Amino acid sequence: MTAALAPVLDAAAWQARRRAHERRVDGWLAPHLARRRAGRRHPVEDFLFTYYSHRPAQLRRWHPGAGVTLRDADPAEFGRDYRAVPAGVTVDTDGVRARRADSIAWIRGLLAATAARPAQLGCFGLHEWAMVYRQTQEEVRHNAWPLRLTPERTAAVVEERGVRCSHFDAYRFFTAPARPLNVLSPSRESQHALEQPGCLHANMDLYKWAYKLSPLVPSELVADCFELARDVRVLDMRASPYDLTELGYAPVRIETGAGRQEYVLAQRSFADRAAPLRARLVAECDRLLAAPA
């Protein structure tokens, strides 16, 4: 879990935190960077580095968060968002907040609205199926990996179960014929009204909202959200129509009753893990928005 913050950290304390963060992140980055150098792709483990805009070097870089002063630090080492103060170096909270106030408020509103709703656990991961609906093997996004069922049977599962996706950034990747099958029509404008805490993609996106608040929030919190998103992505693809057994991922067969039950149990567990991280991000936003200009 994220380490407790102190208002002033001596050199030994903040350097130890930075090293711990870098070691933690390196465990995730090293395989990805090795695959990238080799020109290989992984449909599960590379997703967070390709779908989201936060670069590996940015994830690895440590920030203490707003209001923390680092003794014996060089502002140039930390970048333009930092400034020197009598006790050391700190984030230029006023300057960063002035540039991002609207974004912080938007993120806070989305997270709070999502947290206020009950978790909906009846989607069964069919968003991934809707992304390949009525496509051939050559057309699907991860076409290096086979589908578990034939295209016809895959389409039949979507049609028989229906789609209940509330997440715009998943819905926008649906194939054109799949969109009318969704019970909702999510849009960027309706995002605050529709996102709910049972959604796998809403919980993965906690990573996005955390890094968009960087360097105002501690990097340990960003890493906590990344770790959750990484684990969620595994379920996302295990429940997808792709056959990833060669990569060591046993399928969650949501086309069966047993598979749907397995999915719901895992989905509820992720919602429980996401709740305190979402609450922490809301609290960080509140702290930033309440600070005097």
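Just so you know, these numbers come straight off a predicted model, no measurement behind them.
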With clusters defined by side-chain heavy atoms of hydrophobic residues (ILVMFWY) lying less than 4.5 Å apart, directly or transitively, does [Y] cluster with [X]?
X: F47; Y: V140; value: no
X: Y52; Y: L221; value: yes
X: L288; Y: L277; value: yes
X: V163; Y: V252; value: yes
X: Y249; Y: Y51; value: no

So, does [X] use its side chain to make a donor-acceptor pair with the main chain of [Y] at under 3.5 Å?
X: S103; Y: R100; value: no
X: E139; Y: T136; value: yes
X: R117; Y: A193; value: yes
X: E195; Y: L110; value: no
X: T175; Y: Y133; value: yes
X: T154; Y: T150; value: yes
X: D10; Y: A13; value: yes
X: Q137; Y: W145; value: yes
X: R287; Y: A66; value: yes
X: H21; Y: A223; value: no

Closest approach of [X] to [Y] (non-hydrogen atoms, all atoms of both residues):
X: A101; Y: L289; result: O-CD2, 4.1 Å
X: P215; Y: V91; result: O-CG2, 3.7 Å
X: P251; Y: T245; result: CD-CG2, 3.8 Å
X: V158; Y: A130; result: CG2-N, 4.4 Å
X: A271; Y: P197; result: CB-O, 3.4 Å
X: L235; Y: A266; result: CD2-CB, 3.6 Å

Would a line drawn from the ring center of F226 to the ring center of F49 be shorter than 6.0 Å?
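Yes, the ring centres sit under 6.0 Å apart.
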
Answer with yes or no after comparing the ring centroid distance for H127 and H167 against a 6.0 Å cut-off, counting only values under it.
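No, too far apart.
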
Criterion side-chain hydrogen bond (donor to acceptor under 3.5 Å, both in side chains) on Y82 and H63, from CA distance to verdict
CA-CA 10 Å; Y82 285 78; H63 300 285; 2.6 Å; yes

Salt-bridge criterion met for [X] and [Y] (N-O under 4.0 Å):
X: E262; Y: R238; result: yes
X: E227; Y: R230; result: no
X: D94; Y: R97; result: yes

Once the angle between the rings of Y211 and H54 is folded into 0 to 90°, is it parallel (under 30°), tilted (30 to 60°) or perpendicular (over 60°)?
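If you compare the ring of Y211 with that of H54, the planes turn out parallel.
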
Roughly how far apart are [X] [atom1] and [Y] [atom2], rounded to 0.5 Å?
X: I254; Y: E128; atom1: CD1; atom2: CD; result: 10.5 Å
X: W14; Y: L70; atom1: CH2; atom2: CG; result: 6.0 Å
X: D26; Y: R60; atom1: CG; atom2: CZ; result: 4.0 Å
X: W209; Y: I107; atom1: CH2; atom2: CD1; result: 6.0 Å
X: K208; Y: C225; atom1: NZ; atom2: SG; result: 13.0 Å
X: S166; Y: Q191; atom1: OG; atom2: CD; result: 10.0 Å

One pair to check against side-chain contact (heavy atoms from CB on, under 4.5 Å): Y207 and K212. What are the steps and the verdict?
CA-CA 9 Å; Y207 168 56; K212 285 185 176 292; over 6 Å; no

Other cluster members, L265 - Ile/Leu/Val/Met/Phe/Trp/Tyr, side-chain contacts below 4.5 Å
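None; L265 is a cluster of one.
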
Go through the structure and list residues passing ring-ring contact (aromatic ring centres under 6.0 Å, His included) with Y171, not counting sequence neighbours.
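Result, ring-ring contact (aromatic ring centres under 6.0 Å, His included) vs Y171: F174.
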
Pairing residues for R164 by the salt bridge (Lys or Arg N to Asp or Glu O under 4.0 Å) criterion, not counting sequence neighbours
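Salt bridge (Lys or Arg N to Asp or Glu O under 4.0 Å) list for R164, sorted by chain: empty.
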
Sequence-distant partners of R71, salt bridge (Lys or Arg N to Asp or Glu O under 4.0 Å), two or more places apart
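In terms of salt bridge (Lys or Arg N to Asp or Glu O under 4.0 Å), with neighbours along the sequence ignored, R71 is linked to no residue.
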
Is the number of heavy atoms from other residues, nucleotides or ligands within 6.0 Å of CD (E246) greater than 12?
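No, CD of E246 has 12 or fewer neighbouring heavy atoms, counting only those of other groups under 6.0 Å.
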
More than 12 foreign heavy atoms under 6.0 Å from CZ of R99: is that the case here?
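Yes - once you tally the heavy atoms of other residues, nucleotides and ligands closer than 6.0 Å, there are more than 12.
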
Run the side-chain contact (heavy atoms from CB on, under 4.5 Å) check on C199 and Q267 step by step: do they pass?
CA-CA 8 Å; C199 172; Q267 187 180 21; 5.9 Å; no

What I'd like to find out is whether the side chain of D236 reaches to under 4.5 Å of the side chain of H201, using heavy atoms alone.
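Yes - at least one pair of side-chain heavy atoms lies under 4.5 Å apart.
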
Could you point out which residue of R40, R35, R233 forms a salt bridge (charged side-chain N to carboxylate O under 4.0 Å, His left out) with E45?
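Output: one option passes, namely R35.
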
Salt bridge (charged side-chain N to carboxylate O under 4.0 Å, His left out) partner of D224, chosen from R273, R24, R280:
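Among the candidates, only R24 passes.
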
Audit row: L111, L206, side-chain contact (heavy atoms from CB on, under 4.5 Å) steps and yes/no
CA-CA 9 Å; L111 295 173; L206 292 178; 3.6 Å; yes

What residues, two or more places apart in sequence or in another chain, satisfy side-chain hydrogen bond (donor to acceptor under 3.5 Å, both in side chains) together with E77?
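With neighbours one apart ignored, the set is R18.
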
Contacts of type side-chain hydrogen bond (donor to acceptor under 3.5 Å, both in side chains), residue D72, not counting sequence neighbours:
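For D72 there are no side-chain hydrogen bond (donor to acceptor under 3.5 Å, both in side chains) partners, ignoring immediate neighbours.
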
Among R41, H32, R36, find the residue that satisfies the side chain to side chain donor-acceptor pair (under 3.5 Å) test when tested with D46.
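Option passing the side chain to side chain donor-acceptor pair (under 3.5 Å) with D46: H32.
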
Testing R260, R148, R153, R161 one by one against E255 for a side chain to side chain donor-acceptor pair (under 3.5 Å), which residue passes?
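With E255 as partner, side chain to side chain donor-acceptor pair (under 3.5 Å) holds for just one option, R148.
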
Going through the distances and angles, do V157 and L149 end up as a side-chain contact (heavy atoms from CB on, under 4.5 Å)?
CA-CA 10 Å; V157 171; L149 308 176; 4.1 Å; yes

